[in-house]
Amino acid sequence: MIYHGNRFTLRPDASPEQVEEALESLRNQGRVIPAVKSFVVGRDFGGDYEWGAVFAIEDLDGYWEYLMHPAHRNTDRVGLPLVDRFASFDVTDDPDPEMGAKITELHQRRYDNDAELTELISGLGEYSGSAAPGKHGA
């Protein structure tokens, strides 16, 4: 299993309606993307972020399906413009020593083929995660 997580803090000028739309889009990802086996979206406690989401995915094929699904793209479109700080991470029980590099390659392929997404991520105040684009990857 791969547990893909996101932790984020929104910009102070994000309206309550915008915040709810973004959070509902994250929840929708969990409901409609077939590769997602379970998920949670909610407040993030014990760290430096306000919100978090975790999606359980069985394998790399499912991870790619998750990344490319229109529901995920919708969350990028409605949510990323509201984000100030964002961290993406993965936890897996897969023993493959190359798993981290394989996950990074999926993210890199996605960024390489989606200039709008790359621009959205590059414009965040802070971003950490696999294949971080723009100023965040330097």
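Remember, predicted model here, so these are calculated numbers, not experimental data. In this chain, residues are counted from 1 in sequence order.
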Practice task
Return yes when atom OH of Tyr49 has more than 12 non-hydrogen atoms of other residues, nucleotides or ligands closer than 6.0 Å, and no otherwise.
Solution key: yes
Practice task
Indicate if Phe89 and Leu60 have the same hydrophobic cluster label, given that clusters are the connected sets of ILVMFWY residues with side-chain heavy-atom separations under 4.5 angstrom.
Solution key: no
Exercise for the section: May I ask you to establish whether Arg27 and Phe39 are in a cation-pi arrangement, using a distance under 6.0 Å from NZ or CZ to the six-membered ring centre and at most 45° from the ring axis? Expected result: no
Handout entry: Set of residues satisfying side chain to side chain donor-acceptor pair (under 3.5 Å) with respect to Thr92, sequence neighbours excluded
Key = none
Handout entry: Distance-minimising heavy-atom pair for Lys135 and Ser122
Key = CE-O, 3.4 Å
Exercise for the section: Kindly give the heavy-atom pair with the smallest separation between Leu80 and Ile121, and that separation in Å. Expected result: CD1-CD1, 3.8 Å
Practice task
Return yes if some donor-acceptor pair links the side-chain N/O of Gln18 with the main-chain N/O of Ser15 below 3.5 Å, else return no.
Solution key: yes
Completion exercise
Heavy atoms of Val32 and Ala71 approach each other most closely as CG2-CB, 3.6 Å
Problem - Nearest non-hydrogen partners of Ala14 and Val19, listed with the distance - result: CB-CG2, 3.9 Å
Exercise for the section: Examine distances only and state if a side-chain atom of Thr118 and a backbone atom of Tyr111 form a donor-acceptor pair shorter than 3.5 Å. Expected result: yes
Handout entry: Inter- and intrachain pairs under salt bridge (charged side-chain N to carboxylate O under 4.0 Å, His left out), touching residues 104-120, at least two apart
Key = Arg73-Asp114, Arg73-Glu116, Asp76-Arg110, Glu105-Arg109
Practice task
Determine the minimum heavy-atom distance between Gly79 and Ala22, stating which atoms define it.
Solution key: CA-CB, 3.9 Å
Problem - Taking every non-hydrogen atom, the tightest pair across Ala35 and Gly62 - result: CB-O, 3.3 Å
Handout entry: Verdict with reasoning, Val83 to Leu10, per side chain to side chain contact (heavy atoms under 4.5 Å, CB included)
Key = CA-CA 4 Å; Val83 171; Leu10 300 173; 3.8 Å; yes
Practice task
Measure the acute angle between the ring planes of Phe86 and Tyr127, then classify it against the limits of 30° and 60° as parallel, tilted or perpendicular.
Solution key: parallel
Exercise for the section: State plainly whether one hydrophobic cluster holds both Ile2 and Val91, where clusters connect Ile, Leu, Val, Met, Phe, Trp and Tyr through side-chain heavy atoms under 4.5 angstrom apart. Expected result: no
Problem - Ring centers of Tyr66, Phe55 separated by less than 6.0 Å - result: yes
Practice task
Indicate, with yes or no, if Val41 and Leu82 share a hydrophobic cluster defined by side-chain heavy-atom contacts under 4.5 Å among Ile, Leu, Val, Met, Phe, Trp and Tyr.
Solution key: yes
Exercise for the section: May I ask you to decide if Ile33's main-chain N or O and His72's side chain share a donor-acceptor pair within less than 3.5 Å? Expected result: no
Exercise for the section: List the steps and the verdict of side chain to side chain contact (heavy atoms under 4.5 Å, CB included) for Leu23 and Trp51. Expected result: CA-CA 9 Å; Leu23 294 174; Trp51 300 96; 3.5 Å; yes
Exercise for the section: Look at the side chain of Asp93 and the backbone N and O of Met1, then say whether any donor-acceptor pair between them is shorter than 3.5 Å. Expected result: yes
Practice task
Please answer: with hydrophobic residues joined when any side-chain heavy atoms are less than 4.5 Å apart, are Met68 and Leu106 in the same cluster?
Solution key: yes
Exercise for the section: Take His107 and Leu67, measure what side chain to side chain contact (heavy atoms under 4.5 Å, CB included) needs, and give me the verdict at the end. Expected result: CA-CA 8 Å; His107 284 277; Leu67 288 174; 3.8 Å; yes
Handout entry: Hydrophobic cluster membership, Val54 vs Leu26, 4.5 Å side-chain cutoff
Key = no
Handout entry: Pairwise salt bridge (charged side-chain N to carboxylate O under 4.0 Å, His left out) hits with a residue in residues 43-70, at least two apart
Key = Arg7-Asp44
Handout entry: Test item: His69 side-chain N/O and Gln29 main-chain N/O as donor-acceptor pair under 3.5 Å
Key = no
Practice task
Decide whether Ser25 and Asn74 meet the rule of one side-chain donor and one side-chain acceptor closer than 3.5 Å.
Solution key: yes
